[in-house]
There are 2 protein chains.
Amino acid sequence: MLSKTSEYAIRALVFIQLQQIQNKRPGVIEIAKEIEAPEAFTAKVLQILTRNHLVQSMKGRGGGFFFKDNKCELTLFDVIQHTEGDLIFKKCGFGLTQCSDENPCPLHDKYDAIRDGFLQIAKAETICSLSQKIISGKAVLNRLVTMN
Amino acid sequence: MLSKTSEYAIRALVFIQLQQIQNKRPGVIEIAKEIEAPEAFTAKVLQILTRNHLVQSMKGRGGGFFFKDNKCELTLFDVIQHTEGDLIFKKCGFGLTQCSDENPCPLHDKYDAIRDGFLQIAKAETICSLSQKIISGKAVLNRLVTMN
DNA sequence: TTATAAAAAGATACCATTGTCCTTTTATAA
DNA sequence: TTATAAAAGGACAATGGTATCTTTTTATAA
Ligand code: FES
Ligand code: FES
């Protein structure tokens, strides 16, 4: 399971992309509301992302977050690397100090396949690809009931 | 990823089973050493398991942990239920308040498959089946270098 | 040029999981 | 029957992830 930080990061980036398509540049307050995350914590998560240039930001009036050159083709793997590292993709499912093909734990064969499947998802899906699913109505960003 | 509590629980139960086959009844100290877990914490984990009758215990001299009627055919799913609940098998991978087929998040299709794969492992593998892999030399319980 | 709006940064608080320690209960062996 | 060995239980401490608050920096609009 991903950490809250990773979840918020991914959801925030998808929302930023959705807004960017409409030529908008959302700020922390709006983003936090839309992804159903606490405001101050969302700000911290976005700080990590901008510090690592996964997304750009502008300070001051009219500022907010956006993708440079409409470049949202970053993978979930990239995002997760910066939010929680890659332990989740490497850890032994049985709890051994390290996973090993040569000296496997009794869960290795099956667990390794699952873990690798998740890695494939993380490397295949991008902020763009997730956004696309939402735009085409095949998926949702949140569980807010919109009352507009 | 499983919690430490779940990992320790599964490893401890497997070790108990391995010992039981040799007509031994290990105690907390030995178990903790073998599964490379802190002693006092291992005791707590074993308390949870015995309270829920996933394994039996005997107090006093010559006491320790064992399976009644050599019954170690409990699934990892059963163990995990008692150690950390089933959130891990149900949670939305994108962080939405609940996972839903009808109203999916953009990760749902792929994530659901992975999560279900893990559930299948947890329901298929038992303490017995894991022990068997160790007995047959196909897997190891720990990364201790045995110096006997 | 000043007021305002927004992100960045730093400090701190909260909470669940993980981990430790000490006392009590229970069974066995001597 | 007493000493001993072991699990059970209760209270507490450490840690890391999550969350909050306040101040500082920066950019824009008026
Ligand atoms: S050794 Fe345990 S998952 Fe690879
Ligand atoms: S709705 Fe997100 S995983 Fe099912």
Side-chain angles (χ1 to χ4, degrees), chain A residues 1-13 15-16 19 24-33 35-68 80 82-85 87-88 91 95 97, chain B residues 1-13 15-16 19 24-33 35-68 80 82-85 87-88 91 95 97:
Chain A
M1 274 191 305
L2 293 175
S3 66
K4 290 271 182 208
T5 302
S6 296
E7 288 178 358
Y8 294 159
I10 294 168
R11 297 221 299 279
L13 291 173
F15 177 65
I16 291 166
Q19 291 299 101
K24 291 190 221 158
R25 185 188 285 176
V28 172
I29 298 176
E30 188 186 359
I31 294 170
K33 199 166 292 171
I35 69 174
E36 300 175 87
E39 218 173 87
F41 193 65
T42 301
K44 284 303 177 198
V45 174
L46 286 167
Q47 256 182 59
I48 296 171
L49 300 176
T50 53
R51 237 187 258 128
N52 290 282
H53 310 104
L54 300 185
V55 73
Q56 276 64 48
S57 71
M58 284 288 293
K59 284 187 180 182
R61 272 204 176 180
F65 298 85
F66 61 97
F67 289 102
K68 190 150 189 167
I80 294 166
H82 287 99
T83 47
E84 61 177 290
L87 190 62
I88 193 173
K91 197 175 168 299
T97 47
Chain B
M1 275 191 305
L2 293 174
S3 66
K4 289 274 182 208
T5 302
S6 296
E7 288 178 358
Y8 293 159
I10 294 169
R11 297 220 300 279
L13 291 173
F15 177 65
I16 291 166
Q19 290 299 101
K24 290 190 223 160
R25 186 188 282 175
V28 173
I29 298 177
E30 188 186 358
I31 295 170
K33 200 165 293 169
I35 69 174
E36 300 175 86
E39 217 173 272
F41 193 64
T42 301
K44 286 301 179 199
V45 174
L46 286 167
Q47 258 182 58
I48 295 172
L49 300 176
T50 53
R51 238 188 258 128
N52 290 281
H53 309 104
L54 299 185
V55 71
Q56 276 65 47
S57 70
M58 283 288 293
K59 284 188 180 182
R61 272 204 175 178
F65 297 85
F66 62 97
F67 289 102
K68 188 149 190 168
I80 294 166
H82 288 99
T83 47
E84 62 177 288
L87 190 63
I88 193 174
K91 198 176 168 297
T97 48

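First the proteins, then the strands, lettered A, B, ... as listed; each starts at 1. The figures that follow rest on heavy atoms only: side chains count, while hydrogens, waters and symmetry mates do not.
- Look at CD on A:Glu30: it is 16 Å from P on C:dA5, rounded to the nearest Å.
- Look at B:Arg25 and you won't find any side-chain N or O under 4.0 angstrom from OP1 or OP2 of D:dA6.
- Distance, B:Lys59 NZ to C:dA29 C1': 18 Å, rounded to whole Å.
- Atom CE of A:Met1 and atom C1' of C:dT17 are 12 Å apart (whole Å).
- Using the Watson-Crick or G-U wobble rule with both distances under 3.5 Å, C:dA27 pairs with D:dT4.
- As a whole-Å value, the separation of A:Ile29 CD1 from C:dT4 C1' is 14 Å.
- Proximity of a side-chain donor or acceptor of A:Gln56 to a complementary backbone N or O of A:Lys68 within less than 3.5 Å is detected.
- Rounded to an integer number of Å, the gap from A:Ile48 CD1 to C:dA9 P is 12 Å.
- Between C:dA7, C:dG19, D:dA7, one nucleotide has an atom nearer to the side chain of B:Pro38 than all others, and that is C:dG19.
- The side chain of A:Met58 sits closest to D:dA27 out of D:dT18, D:dA27, D:dG9.
- Screening A:Ile29, A:Ile35, A:Val28 for a side-chain contact (heavy atoms from CB on, under 4.5 Å) with A:Ile31, the sole residue that qualifies is A:Ile35.
- Mapping A:Gly27 and B:Ala40 onto DNA chain C by nearest heavy atom places A:Gly27 closer to the 5' end of the strand.
- Close to C:dT18, at under 4.0 Å from its OP1 or OP2, lies a side-chain N or O of B:Thr5.
- In this structure, B:Arg61 does not reach the D:dA3 phosphate: none of its side-chain N or O atoms is under 4.0 Å from OP1 or OP2.
- With hydrogens and angles left out, the side chain of B:Gln47 and the base of D:dG9 share a donor-acceptor pair within 3.5 Å.
- Not one side-chain nitrogen or oxygen of B:Tyr8 sits closer than 4.0 Å to the OP1 or OP2 atom of C:dT18.
- Checking C:dT20, D:dA8, D:dT20 against every side-chain atom of B:Phe41, the shortest atom distance belongs to C:dT20.
- Pairing partner, C:dA13: D:dT18, with both Watson-Crick or wobble hydrogen-bond distances short of 3.5 Å.
- What separates CG of B:Asn52 from P of D:dA8 is a distance of 12 Å, to the nearest Å.
- Close to C:dA8, at under 4.0 Å from its OP1 or OP2, lies a side-chain N or O of A:Thr50.
- Between A:Lys44 atom NZ and C:dA11 atom P the separation is 10 Å, expressed in whole Å.
- The two residues A:Phe66 and A:Ile16 make their nearest non-hydrogen contact at CA-CG2, 3.8 Å.
- Among the nucleotides D:dG9, C:dA7, D:dA19, the one closest to any side-chain atom of B:Arg51 is D:dG9.
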### Task
Tell me, with the steps shown, if A:Phe65 and A:Leu13 meet side-chain contact (heavy atoms from CB on, under 4.5 Å).
CA-CA 9 Å; A:Phe65 298 85; A:Leu13 291 173; over 6 Å; no

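- At least one donor-acceptor pair closer than 3.5 Å links the side chain of A:Glu84 to the backbone N or O of A:Ser3.
- The CG-P distance, from B:Leu49 to D:dG9, rounds to 13 Å in whole Å.
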